[in-house]
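Notes for the one structure printed next.
Letters A, B, ... mirror the listed sequences (proteins, then strands); counts begin at 1.
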Amino acid sequence: MFKPETKFLIVDDFATMRKIVKKVLNELGYTNVVEADDGRNAFATLQDALQKNEPFNCIISDWNMPNMTGIELLRQCKADPKLSVLPFVLVTAESEQANIIEAAKAGVSDYVIKPFNANTLKEKLTRVYNKHYPSQTKAA
Amino acid sequence: MSTAKKAEGSPAPNNNPIFDKRVIEAFSNGLRETLQMMAQVDVNFETARIENQWQKVGDVSGLIEFKSPPFAGSIYIHLPKEILFHVYEQMVGEKYTELSKDVLDSIGEISNMAYGVAKGKLNPLGFEFNMSIPKVCLTTDLNRVPGIPHLLIPFSIQGRKCQIEILIHKL
């Protein structure tokens, strides 16, 4: 699982969902959590963090947002060499097969369908960590 | 939704693709699943009906506007504010007794999730509900043109009257 000091970026246009995800992360012991209300602000936050040499370690983003959607943010991250390897989880109400395939093709690390509970998010984060850091997983 | 003709099963009454048993079940189940999963809140649904007049129910409303030529419409979820305070506390862990931007925001996210569940069930049947960004408003700010049919799905939470309302703007 991600280390306690992991820096998360939560992206959602609804403050309620940001709070719910943050609450789950806090319950899991993660306190280094930053929020953004759309993809555009999220990308600016990611770039700013890189410039300050305080990069994020994981993005948890909604799909359907104004200005820049979650899938657009994912594609922008994948196109940026400094962000392309960053774990990216989509938490979205878009549950259709076509959406899941589109996200997989864009390189999403995992996909959480709303509504969800804390256990589901925890399981997905564990899976994402194992996928991105298989050597640490084996060592543990 | 280029919907009714493509959707499997019997055609909807009034040739209106939304006034369909599958739509009623999908939205009812979508809201039930959302509130149960996110807030551990139980919902009791009553029989859905079509009416040409709308009586205001609740204080706060979440709105999803959907478009898919030749149809367009709106789906509202209306709740009393006390019920929203309870749901919000269950979901977020913060207690409110007065409406605030944060609490009002939550009915948008609830509507978004309920719509997402319903859309996921209906579109494989041939419906074409699109992706839409939800809005929130005070129910008292809503006005309706008389004579337009509304699909009303009444429900209650902790004995308080609530409602899903579906309107078709164009046919």
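Only the side chain of A/Asn99 comes within contact range of chain B, with heavy atoms under 4.5 Å apart. Contacts of B/Tyr88 with chain A are made by side-chain atoms alone, with heavy-atom separations under 4.5 Å and no backbone atom involved.
Follow the hydrophobic side-chain contacts under 4.5 Å out from A/Val91 and you never reach A/Tyr111; the two are in separate clusters. Cluster membership check: B/Phe85 shares its hydrophobic cluster with B/Ile110, using side-chain heavy-atom separations under 4.5 Å among Ile, Leu, Val, Met, Phe, Trp and Tyr. Cluster annotation: B/Phe129 is connected to B/Ile153 through the hydrophobic network of ILVMFWY side chains, with a link wherever side-chain heavy atoms come within less than 4.5 Å. By the rule that hydrophobic residues join a cluster once side-chain heavy atoms approach within less than 4.5 Å of another member, B/Val60 and B/Ile83 end up as members of one cluster.
Taking 4.5 Å as the limit, every side-chain heavy atom of A/Lys114 sits out of range of all side-chain heavy atoms of B/Met37. Residues A/Lys19 and B/Asp102 form a side-chain contact, since some pair of their non-hydrogen atoms from C-beta on lies under 4.5 Å apart.
In this structure, the separation between CD1 on A/Ile20 and CE on B/Met38 is 4.0 Å, given to the nearest 0.5 Å. Taking CG of B/Asn112 as the start and OG1 of A/Thr92 as the end, the distance is 7.5 Å to the nearest 0.5 Å.
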Handout entry: Stepwise side chain to side chain contact (heavy atoms under 4.5 Å, CB included) test for B/Met131 and A/Thr69
Key = CA-CA 11 Å; B/Met131 208 181 273; A/Thr69 66; 6.0 Å; no

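Under the 3.5 Å distance criterion, the side-chain polar atoms of B/Asp105 are left unmatched by any main-chain donor or acceptor of A/Phe14.
In terms of heavy-atom pairs under 4.5 angstrom with chain B, the leader among A/Met17, A/Glu96, A/Gln97, A/Lys22 is A/Glu96. By number of non-hydrogen pairs under 4.5 angstrom with chain A, the leading residue of B/Met113, B/Glu109, B/Gln36 is B/Glu109. Listed options B/Lys101, B/Lys121, B/Lys119 were ranked by heavy-atom pairs under 4.5 angstrom with chain A; first place goes to B/Lys119.
The 12-atom threshold is not exceeded at NZ of B/Lys161, counting heavy atoms of other residues, nucleotides or ligands nearer than 6.0 Å. A/Lys7 NZ: more than 12 foreign heavy atoms inside a 6.0 Å radius. Within 6.0 Å of NZ on A/Lys82 lie no more than 12 heavy atoms contributed by other residues, nucleotides or ligands. By the neighbour-count criterion of 12 heavy atoms within 6.0 Å, atom NZ of B/Lys135 is sparsely surrounded, having that number or fewer from other residues, nucleotides or ligands.
Scanning all heavy atoms of the two residues, the minimum distance from B/Gly116 to A/Ser95 falls at O-OG, 3.8 Å.
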